[in-house]
Amino acid sequence: MPVGRHGYGDATMADLSLPLATGVGSLPGVDVREAVRVVLGEWPALPYLPELPARGPGADVIGRTAALLVELPVDLQPAGWRLVARPGREVRRAQSMLDEDLDVLQELAADRTGALKLSVCGPWTLAASLELPRGGPVLGDASAVADLHASLVEGVAQHVAEVRRRLPRLDVVLQLDEPSLPAVLAGGVRTPSGFGRLRAVEDHVAEGVLRRFCGLASEEWVHCCAADPPLALLRRAGMRGLSVDAGLLTSRADDELGEAWEAGLRLVLGVVPGVAGAASAAGAAGGTDGMPSPAASADFVRALARRIGISAERAPSSVVLTPSCGLAGADPDHVRAVAAHLAAAVHMLAQDPEGARG
């Protein structure tokens, strides 16, 4: 079914068959060519530009996003990425790695049609992660936060435009990674001393900044793998996909989930662990890899739909299944097992929404 900004019947976005599976962002290893091949082969319906943090500073989501900032120099210091007077060596390295990644992606995906997902660090997690020149999170300085967010919006827009130029047959889904957003909203980001906490950001302020990213791509999602993600705020901000760790969802989120589902948003559910042996949303493991069976993951989605009052027949039409987090810490065998699991689970949902034939 075609997907579009004004509803899932628009013909302006390439066909994405739903339900579908994809990854979150990161993969293990240091070989970008192999990583892109894995993504294109294992998640053909919605591949993505992978991050390979094992390559070192600048290959992680913070460093890669810092490399996108416009007229806001950064460099890597002992305490982390910091705003500086002129760009440092590490951010130039990050920019070089991103250019290499895009070259490889352009080569290997040149004949593709459909959609491609790009992940960047979201504005509030970036503000909580970058340091001011004098030390302390950028989040503690309102003027610096405003400058950072303006620079990030411009840099992300340029990044999306560059990918569209290189791969004009692919529609771009933009994923904002916001693991720190709940802490930002709750006043949970610590001061440099570790004894104090920065003032909470008001919901309407956070919402307004996120809204500035809407329209930069064919569709925008937020990934928040923390407990109690602010689903209502993200829906109001105009996000079209809510990506969460399904194992952390509680009944407290049911109303917000139901409202998002009714509004036609994609629910992007992390149903299998990013590393072997970790807990999963669907409960007990079904094999030696620590994951439940694909049938258990499909049943989890059906049960969630029933719990929040959504018809099981409608449920598959707006569900994306993913790992619960990135796969940077996994081994290659687990990556393959996750991809096979998700493919099987979405097939079961598509073929049997009610579970009656299972």
| said: Quick one: does any side-chain atom of Ser119 pair with a main-chain N or O of Gly25 as donor and acceptor, under 3.5 Å? | reply: no
| Ala345 to Leu321 - nearest heavy-atom pair and separation | CB-CD1, 3.8 Å
| Is it the case that one hydrophobic cluster holds both Val84 and Leu126, taking links as side-chain heavy atoms less than 4.5 Å apart, direct or via other members? | no
| message | Less than 4.5 Å apart, side chain to side chain, heavy atoms only: is that true for Leu342 and Ser297? | response | no
| Listed by chain and number, what are the ring pair (Phe, Tyr, Trp, His ring centres under 6.0 Å) partners of Trp81, not counting sequence neighbours? | none
| field | Member of Leu52, Val120, Leu49 meeting the side-chain contact (heavy atoms from CB on, under 4.5 Å) criterion with Arg64 | value | Leu49
| field | Flag, side chain of Asp60 to backbone of Gly58, donor-acceptor distance under 3.5 Å | value | yes
| task | State plainly whether one hydrophobic cluster holds both Leu349 and Val272, where clusters connect Ile, Leu, Val, Met, Phe, Trp and Tyr through side-chain heavy atoms under 4.5 angstrom apart. | result | yes
| message | Looking at His341 and Pro292, would you say the former's side chain and the latter's main chain have a donor-acceptor pair under 3.5 Å? | response | yes
| query | Is there any ring pair (Phe, Tyr, Trp, His ring centres under 6.0 Å) pair reaching into residues 102-143, and which pairs are they, with sequence neighbours excluded? | reply | Trp124-His149
Would you give me the side-chain donor-acceptor pairs under 3.5 Å for residues 36-48, sequence neighbours excluded?
none

| task | Quick one: pull up CG in Asp228 and CG in Leu248 and give me the separation to the nearest 0.5 Å. | result | 8.5 Å
| Close side-chain approach of Leu130 and Leu148, heavy atoms under 4.5 Å | yes
| said: For Ala296, is there any backbone N or O sitting under 3.5 Å from a side-chain donor or acceptor partner on Ser293? | reply: yes
| task | Find out whether Glu131 and Leu83 are in side-chain contact, i.e. whether some heavy atom of one side chain is under 4.5 Å from a heavy atom of the other. | result | no
| remark: Closest non-hydrogen contact found for Pro50 with Leu27 is CB-CD1, 3.9 Å
| message | Is there a path of hydrophobic side-chain contacts, each under 4.5 Å between heavy atoms, that joins Phe300 and Leu257? | response | yes
| field | Arg89 atom CZ: more than 12 heavy-atom contacts under 6.0 Å | value | no
| query | Are any of the side-chain heavy atoms of Leu116 and Asp171 separated by less than 4.5 Å? | reply | no
| query | Of the non-hydrogen atoms in Ala330 and Val335, which two are nearest, and what is the gap between them? | reply | CB-CG2, 4.2 Å
| Considering only heavy atoms from C-beta outward, does the side chain of Leu267 approach that of Trp261 to under 4.5 Å? | yes
| message | Take a 6.0 Å sphere around CG of Asp111 and say whether it holds more than 12 heavy atoms from other residues, nucleotides or ligands. | response | no
| query | What is the minimum heavy-atom distance between Ala206 and Leu185, and which atoms define it? | reply | CB-CD2, 3.7 Å
| Can you name the nearest heavy-atom pair linking Pro87 to Pro73, along with the distance? | N-CB, 3.5 Å
| Side chain of Ser243, backbone of His223: donor and acceptor closer than 3.5 Å? | no
| request: Please name the residue in the list Asp147, Val156, Val91, Leu152 that meets the side-chain contact (heavy atoms from CB on, under 4.5 Å) test with Leu69. | output: Leu152
| Are the side chains of Thr125 and Val184 in touch, meaning some heavy atoms are under 4.5 Å apart? | no
| Heavy-atom donor-acceptor pair, Lys117 side chain to Gly23 backbone, under 3.5 Å | yes
| Under 3.5 Å, is there a donor-acceptor pair between the side chain of Arg33 and the main chain of Val104? | no
| task | Group every Ile, Leu, Val, Met, Phe, Trp and Tyr by side-chain heavy-atom contacts under 4.5 Å, then state whether Met97 and Val163 land in the same group. | result | no
| said: With heavy-atom distances below 4.5 Å as the criterion, would you say the side chains of Val32 and Glu100 are in contact? | reply: yes
| Heavy-atom side-chain contact between Val153 and Val70 under 4.5 Å | no
| query | Would a distance-only check, ignoring hydrogens and angles, find a side-chain to backbone donor-acceptor pair under 3.5 Å from Gln175 to Val24? | reply | yes
